[in-house]
2 protein chains.
Amino acid sequence: MVGKLSVPAPRQAKAPAVIRSTAEFARHVGLARTTVSRVLNGQPGLKQKTIDRVQRALAETGFTPNAHALHLKGKRTSMIGICMEDFATPPAVRKLATLQRVLRSRGFSSLIEVFAPGTGREVVRHFQSLRVEAVVFIGHFLPEEIEARIAELAAHGTPHVVIDHYGLKGANTVTLDRAAGMEAVMNHLLDLGHRTFGSLGITKGRPSRIERMAGIQAALRARGLDPERCLLSVDHLHERNVDFDYGRNLAAGFLAQRELPTAFLGHNDEIAVGALHGFQAAGLKVARDVSLTGFNHQDICRMVSPTLTTVDQNIEETVAVAADLLLAQLDQPPRARPVVRTIKPQLVIGGTTGAARPSSRGSGF
Amino acid sequence: MVGKLSVPAPRQAKAPAVIRSTAEFARHVGLARTTVSRVLNGQPGLKQKTIDRVQRALAETGFTPNAHALHLKGKRTSMIGICMEDFATPPAVRKLATLQRVLRSRGFSSLIEVFAPGTGREVVRHFQSLRVEAVVFIGHFLPEEIEARIAELAAHGTPHVVIDHYGLKGANTVTLDRAAGMEAVMNHLLDLGHRTFGSLGITKGRPSRIERMAGIQAALRARGLDPERCLLSVDHLHERNVDFDYGRNLAAGFLAQRELPTAFLGHNDEIAVGALHGFQAAGLKVARDVSLTGFNHQDICRMVSPTLTTVDQNIEETVAVAADLLLAQLDQPPRARPVVRTIKPQLVIGGTTGAARPSSRGSGF
DNA sequence: GCTTGACGCGGACAGGTGTCCGCACTCCTT
DNA sequence: AAGGAGTGCGGACACCTGTCCGCGTCAAGC
């Protein structure tokens, strides 16, 4: 009775072909459709023997009620739409993985699409047609496009949350406080005696209180230093294509200059690792000759030598906050104003940062 | 008329709240439900003016027919269930990303779940209840569990394909020919004069013609060499936890031995990079003193110095073949016998492999 | 002004589900 | 043996859609 799970289904069975509805299933069991339905939904007033009969047939045939019909009857779809910028950014993938796990544990399934420029309308329409209960955006997008989509979602009463893209109008947002991250990095370096800093891809973006540059400037000013003179850059000289190569080129660019900062701030870990190789190739000993930091705390930070000082994104917390924010909206009337939460990152000290050399090549300081 | 996309919806509009059905939408437009339906489905016999009226309202309200009701009417769900082993393995994530893109381009959406041991039944049941059109498995799973799930899918006439897990009974499979990959690696190293090889995590798994060890042995035998004497291992001495650390530990393990092979075969890129650091920390110059290879051709291969010689998985082809195999099953009766396809990988030569030193520490050869 | 064709309306059905309700059968109890 | 509780049956409805069909309406052509 139990071990009868033969693999491809016996050839000449009385096989009810494939059971596709409760009606067929009931016929197969020899009961009325309503009776089966009552068993499936745990209603009282049924003999234990009958219940067992249905359960057994259920296990044997693997029949499952049609989720679409259930939804039509008013049951929630328990589907969450997730829009990814791409699958190529490791931290974004980690957020997706974490989010999927969290949603799963709360009984939701994840419908994942890539939200490429121009396809946004289509993607969101598709989610709407499937009546997803909410939509999550992970990454950075074209502001006008995502704002339009969020407006559409709001018009339909579909909750949403944006992870990482800060400053969108009308958007519930959870994002890392990158300023705090850079401030921690700067304080670490300043404590080590560094006074001149090279930017590796960190540029002034749309100014905001949580943007990287804001944290750098705040840390410098807090010690009475002038950001204009302390922070150097050769970013404009190089094209950003592959981050690793970009980092190496930036390092070479700095080395070609007259004045060399004592510390370098990588926009992310790949760029920092690229610069690490650039410096090492030039014969410098990183940490002793120059200090170097990354951002994101990816696996690669531990896979280089010395290990990279970097900033951890606190992805678990980010996703937990985002999920809470999202699910809290499900059974409530839409909020009047969007909610914005920032997450504090954490400095991870590795082997690429050390005390500033008393006298570098002369920094004009 | 067109620019009226105000963001949070005007406060005191005559707002038809949220339009959830064609009936409501039709009422909003001022037409009969059937008329609207005809417009939506492009049926003839309608005045252009009427069509325009509906289209305009459609654009304004963003109404979308309920996909679940459509499916109930017989329309295909166009959903594919994807079971991932995890999100932590970069090559697996790249396969997922590629597959998602390919499926999207063919009009299918991806429902992604993690197929953790013990949860398989639940996951597949969930897919079945949503009436997905097919299921893809990416990664390695418990053989009995996945075989049972595939049998269930087959019983319901749901097509499937397994990517990467070779040797499952009754499973349509697309997998990399790892033996061919290792054979290419070995021929490359043999051509460079190497005769003794250290295994970095490559063990004899379930023997099959496409398993790594088979390729190593084939290459050695083709040159009249004895695998038993040429291939050395200290794998058993160390615990495999974090691959990078494992690789470094293995390198240290070999260095502690009396005889040092001239070439080392990494089970994957992380292990190889770990070993690279291990060797470099011991003062060896990789490529000159020892050669080293990885597997998978991840980004990290170019981010170490020297760049890692490795094997590319040909992920694009793998996924294309898998998708074709999957979609070909959609409109056809189930095959009697499962289809198994193997993909040829490609050697990528980097800077970690070089000519064998004429006289190593003595290899007993 | 009348005929005719074009066009929109509204009722009906199917698809799978859960639930309600009246009915009939079975089996136990007295 | 008869009453009654327990239990299963089957019809009906709603959910939302696409489609068919008969009917009403309106405008154009003569």
Side-chain angles (χ1 to χ4, degrees), chain A residues 16-55 57-58 61-79 125-126 128-133 156, chain B residues 16-55 57-58 61 63-79 125-126 128-133 156-157:
Chain A
V18 176
I19 298 178
R20 297 216 158 282
S21 70
T22 318
E24 284 179 24
F25 178 66
R27 219 172 298 136
H28 175 247
V29 187
L31 289 168
R33 186 180 72 84
T34 50
T35 307
V36 169
S37 181
R38 273 203 282 269
V39 174
L40 293 176
N41 295 280
Q43 289 188 3
L46 294 170
K47 221 189 296 181
Q48 188 58 42
K49 196 176 152 193
T50 310
I51 296 177
D52 290 344
R53 189 144 65 112
V54 174
Q55 298 286 12
L58 209 55
T61 62
F63 168 73
T64 326
N66 187 319
H68 302 90
L70 288 178
H71 167 243
L72 225 53
K73 280 293 298 180
K75 194 187 171 192
R76 57 196 330 176
T77 59
S78 294
M79 296 199 295
R125 284 286 164 88
H126 179 226
Q128 301 266 30
S129 78
L130 283 164
R131 302 294 189 264
V132 298
E133 302 198 38
H156 284 76
Chain B
V18 176
I19 299 178
R20 297 218 161 281
S21 69
T22 318
E24 284 180 22
F25 178 66
R27 220 172 298 136
H28 175 247
V29 187
L31 288 169
R33 187 179 73 84
T34 50
T35 307
V36 170
S37 181
R38 273 202 283 269
V39 175
L40 292 177
N41 295 280
Q43 289 189 0
L46 294 169
K47 221 188 298 181
Q48 188 57 43
K49 197 176 150 194
T50 310
I51 295 177
D52 291 343
R53 189 145 63 112
V54 173
Q55 298 287 11
L58 209 55
T61 62
F63 168 72
T64 326
N66 187 319
H68 303 90
L70 289 179
H71 167 243
L72 225 52
K73 282 292 298 181
K75 195 187 169 192
R76 58 195 329 176
T77 60
S78 294
M79 295 200 296
R125 284 284 164 90
H126 180 227
Q128 301 265 31
S129 78
L130 283 165
R131 302 293 187 264
V132 298
E133 302 198 36
H156 284 75

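Each chain gets a letter, A, B and so on, in the order its sequence line appears, and its residues count up from 1. The figures here come from the full heavy-atom set of this structure, side chains too, leaving out hydrogens, waters and symmetry mates.
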Would you kindly give the CD1-to-C1' distance between A:I51 and D:dG6, to the nearest whole Å?
13 Å
Looking at D:dC9, C:dT17, C:dC7, which one has an atom nearest to any side-chain atom of A:T35?
D:dC9
For the side chain of A:T50, counting heavy atoms from C-beta on, which of D:dC9, C:dT17, D:dT7 is nearest?
D:dT7
Is the phosphate of C:dG18 approached by A:Q43 (side-chain N or O, under 4.0 Å from OP1 or OP2)?
no
Would you kindly give the CZ-to-C1' distance between A:R38 and C:dT19, to the nearest whole Å?
9 Å
Between the base of D:dG11 and the side chain of A:R33, is there any donor-acceptor pair under 3.5 Å?
no
So does A:R131 get a backbone contact from the side chain of A:T77, meaning a donor-acceptor N/O pair under 3.5 Å?
yes
Could you check which of C:dG8, C:dT17, D:dG18 has an atom nearest any side-chain atom of B:N41?
D:dG18
In this structure, how many angstroms lie between the P atom of C:dT17 and the CG atom of B:L72, rounded?
8 Å
How is A:S21 classified with respect to the nucleic acid when contacts are heavy atoms under 4.0 Å: base, sugar-phosphate, or nothing?
sugar-phosphate
Might you work through the side chain to side chain contact (heavy atoms under 4.5 Å, CB included) test for A:V29 and A:T61, ending with a clear yes or no?
CA-CA 10 Å; A:V29 187; A:T61 62; over 6 Å; no
Nearest-nucleotide wise, let me know which of A:T34 and B:K73 is further upstream toward the 5' end of DNA chain D.
A:T34
From CG of B:L70 across to C1' of D:dT17 the rounded distance in Å is 6 Å
Name the orientation class of the two ring planes belonging to B:H68 and A:H68 (parallel below 30°, tilted from 30 to 60°, perpendicular beyond 60°).
tilted
Give the rounded distance in Å between these two atoms: NE2 of B:H71 and P of C:dG16.
9 Å
Counting the atoms with a prime plus P, OP1 and OP2 as sugar-phosphate, which does A:T22 contact under 4.0 Å by heavy atoms, base, sugar-phosphate, or nothing?
sugar-phosphate
Determine whether B:L58 and B:L40 make a side-chain contact, defined as any pair of heavy atoms from C-beta on separated by less than 4.5 Å.
yes
Please report the distance, rounded to the nearest Å, between CZ in B:R53 and P in C:dC9.
8 Å
Closest-nucleotide 5' rank along DNA chain C - winner of B:A69 and B:K47
B:K47
Quick check for you: among C:dG18, D:dG18, D:dT17, whose closest atom lies nearest to any side-chain atom of B:F63?
D:dT17
Can you tell me how far the NE2 atom of B:H71 sits from the CG atom of A:L72, to the nearest 0.5 Å?
11.5 Å
Categorize B:A32 for me: base, sugar-phosphate, or nothing, with a 4.0 angstrom heavy-atom threshold over every strand shown.
sugar-phosphate
Whole angstroms only, please: what is the CG-P distance between B:L31 and D:dC26?
15 Å
Nearest whole angstrom, please: distance from the P of D:dG18 to the CG of B:L46.
14 Å
Does B:G45 reach a base, just sugar-phosphate, or nothing at all? Heavy atoms under 4.0 Å.
sugar-phosphate
